[in-house]
There are 2 protein chains.
Amino acid sequence: MFRSSQVMNVKTLCLGALGLGDKSGYDIKKLFEAAFRHFHSATYGSIYPALNQLVRDGLIVGRIEPGAGHPERKLYCLTDAGHEALERELLAEAPTEQMRSEFMVLMFFAHLLPTERLAEILEEVRERYTETLAYLESLVDLPDHTPGTRFTVQAGIARYRATLAFLVEQAPELLREHARHRQTSENESNA
Amino acid sequence: MFRSSQVMNVKTLCLGALGLGDKSGYDIKKLFEAAFRHFHSATYGSIYPALNQLVRDGLIVGRIEPGAGHPERKLYCLTDAGHEALERELLAEAPTEQMRSEFMVLMFFAHLLPTERLAEILEEVRERYTETLAYLESLVDLPDHTPGTRFTVQAGIARYRATLAFLVEQAPELLREHARHRQTSENESNA
DNA sequence: TCGAACATGTAAAAGGTTACATGATTAC
DNA sequence: GTAATCATGTAACCTTTTACATGTTCGA
């Protein structure tokens with residue numbers, strides 16, 4: 001059947017995407033890239049095998065759509081069993097939340113960086129957050145939103161805004177403290 | 001040498017933790033559990049093999065500390081090569097940020113859930129966020145913080161606060177919209 | 001004496017990324 | 001004709017989780 005340890009694996013992602021309507025593997029990739037890249041991502045290397053696996057499991061069926069203005073594509077559609085499996089997945093225990101962040105890991109080790117490099121990184125991240133925020137804001141008023149998809153975009157905006165505000169506000173303090181801390185450590189190791 | 005595709009893998013995590021001072025594998029796990037669980041996590045099953053790998057690569061050395069009030073443990077210490085490797089890792093390109101969130105993936109597919117279940121999930125997540133926030137707030141004034149570690153805790157607080165505020169504010173609206181959307185879809189499929 | 005926390009590890013399986021391989025169609 | 005985008009896939013590799021295995025020390 002369909003049981004896996006990680007709640008939100010590519011298979012579930014594909015089932016969910018097909019729950020929004022029939023799609024090709026390419027469509028699924030594009031959907032997440034467009035509407036969801038701030039929270040999750042998946043590559044073709046995992047999407048296509050996942051779809052074939054789901055076909056073997058009888059949870060989806062594929063049909064070939066001949067090319068008209070584009071190469072021929074395979075459109076997938078949930079079966080009854082697929083609908084049930086998806087519902088089971090989504091009704092299962094609410095996912096335990098963890099805001100994995102590579103940037104924060106780096107900041108955890110900030111004392112190992114030179115202050116100038118830290119300043120550069122903070123600036124780079126600030127720029128990237130600003131871009132992402134602008135992109136997310138452009139997404140809010142798109143049609144085709146379900147209440148849930150709009151919610152995720154707005155939640156992304158709230159989260160990026162807060163992180164950005166924190167960054168702008170706290171970066172100078174961090175840099176000051178960092179410089180002082182590095183100085184102190186240096187003196188200690190020279191003593 | 002030491003090159004890997006993912007920037008923040010367990011090996012780098014271990015190197016970074018040892019950059020804060022000599023530690024056992026157990027210590028490393030506890031450190032991240034205590035100070036960082038909102039942003040990252042690692043299990044013994046990856047930490048111990050990573051440490052042994054790092055020893056083989058000459059980036060750390062281990063010594064056995066005989067048990068005194070506890071079982072005997074292996075303390076690891078960065079070598080010069082280890083220090084260099086860690087610095088190289090941290091100085092490399094700033095990590096591209098993605099706020100992976102299982103909860104948000106679930107919300108993306110919210111229209112496939114019954115409204116009551118959605119309400120339950122929102123409430124569960126709200127409770128868990130509240131707990132995490134309280135925990136993070138208890139961490140701010142701990143001693144042993146470097147400017148970087150304090151920054152990550154405060155950033156966590158900022159992010160959880162914003163997400164929580166968004167959740168409390170937007171949940172009723174989401175539930176209302178969700179119920180309406182489900183109704184509409186049902187009518188459409190009956191038509 | 002028994003459970004909780006301390007402490008280290010291995011092996012199998014799961015899950016995903018990266019690189020490679022291929023080909024169609026459109027716009028310049 | 002050629003670059004970009006559309007479109008599908010495989011295989012090797014990498015990393016991590018899960019489950020198992022083992023033993024110590026302390027406090028109730």
Side-chain angles (χ1 to χ4, degrees), chain A residues 1-15 22-34 37 40-57 60 62-76 89 95-96 98 100 102 105, chain B residues 1-15 22-34 37 40-57 60 62-76 89 95-96 98 100 102 105:
Chain A
M1 212 32 325
F2 185 59
R3 279 279 104 208
S4 104
S5 46
Q6 248 174 278
V7 186
M8 285 308 164
N9 53 17
V10 179
K11 274 203 224 172
T12 313
L13 239 45
C14 289
L15 284 182
D22 297 359
K23 280 175 189 54
S24 66
Y26 194 82
D27 291 338
I28 292 174
K29 174 81 155 59
K30 292 296 154 191
L31 171 66
F32 284 109
E33 224 165 64
R37 58 177 169 189
H40 216 289
S41 65
T43 59
Y44 294 125
S46 58
I47 290 172
Y48 287 118
L51 288 170
N52 289 325
Q53 182 67 55
L54 289 170
V55 170
R56 278 198 293 283
D57 293 345
I60 64 177
R63 65 175 187 278
I64 291 189
E65 192 198 44
H70 55 76
E72 126 184 334
R73 25 192 250 132
K74 276 195 204 168
L75 282 179
Y76 294 96
E89 288 297 311
T96 40
Q98 200 185 38
R100 284 217 172 206
E102 300 245 309
V105 179
Chain B
M1 203 53 300
F2 184 59
R3 279 280 103 208
S4 107
S5 46
Q6 249 174 277
V7 186
M8 286 305 165
N9 54 16
V10 179
K11 274 205 228 172
T12 313
L13 238 46
C14 289
L15 283 183
D22 297 358
K23 281 178 188 51
S24 67
Y26 194 81
D27 291 338
I28 292 175
K29 174 81 156 58
K30 291 297 153 188
L31 171 68
F32 285 109
E33 224 165 64
R37 59 176 169 191
H40 215 287
S41 65
T43 59
Y44 294 124
S46 59
I47 290 173
Y48 286 119
L51 288 170
N52 290 326
Q53 183 67 56
L54 289 171
V55 169
R56 277 198 293 284
D57 293 346
I60 64 177
R63 65 175 187 278
I64 291 189
E65 192 197 44
H70 56 75
E72 120 182 342
R73 29 194 246 132
K74 276 196 203 167
L75 282 178
Y76 293 96
E89 288 298 311
T96 40
Q98 200 185 37
R100 285 217 172 206
E102 301 245 308
V105 178

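Sequence lines set the chain letters: A, B, ... in the order given, protein chains first and strands last, and positions in each chain run from 1.
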message = I want to confirm an ordering. Mapping S24(B) and S41(A) to their closest nucleotides on DNA chain C, which one lands closer to the 5' end?
response = S24(B)
Residue Y48(B), side-chain heavy atoms: nucleotide from dT8(D), dA24(C), dG9(C) that is nearest = dG9(C)
message = It should be established whether K11(B) places a side-chain nitrogen or oxygen under 4.0 Å from OP1 or OP2 of nucleotide dT15(D).
response = no
note = Among dC6(D), dT17(D), dT10(D), the one nearest any side-chain atom of R100(A) is dT17(D)
note = d(K23(A) NZ, R73(A) CZ) to nearest 0.5 Å is 10.0 Å
ask   = OP1 or OP2 of dG16(C) less than 4.0 angstrom from a side-chain nitrogen or oxygen of T43(A), does that happen here?
value = no
request  = Give a yes/no answer on whether the side chain of S46(B) brings an N or O atom under 4.0 Å of OP1 or OP2 in dT17(D).
outcome  = yes
task = Start with the C-alpha gap between K74(B) and L51(B), add the side-chain angles, then the distance that decides, and say whether side-chain contact (heavy atoms from CB on, under 4.5 Å) holds.
result = CA-CA 10 Å; K74(B) 276 196 203 167; L51(B) 288 170; over 6 Å; no
ask   = Counting only side-chain N and O atoms of H70(B), is one of them less than 4.0 Å from OP1 or OP2 of dT25(D)?
value = no
message = If I take atom CD1 from residue I28(A) and atom CG from residue L13(A), how far apart are they, to the nearest 0.5 angstrom?
response = 8.5 Å
inquiry  = Looking only at the side chain of K74(A) (C-beta and beyond, no hydrogens), which of the listed nucleotides dG9(D), dG15(C), dT8(C) gets closest?
reply    = dG9(D)
query = Base, sugar-phosphate alone, or nothing: which one does G25(B) contact when heavy atoms must sit under 4.0 Å apart?
reply = sugar-phosphate
task = Using a cut-off of strictly less than 4.0 Å, decide whether Y44(A) has a side-chain nitrogen or oxygen near OP1 or OP2 of dT8(D).
result = no
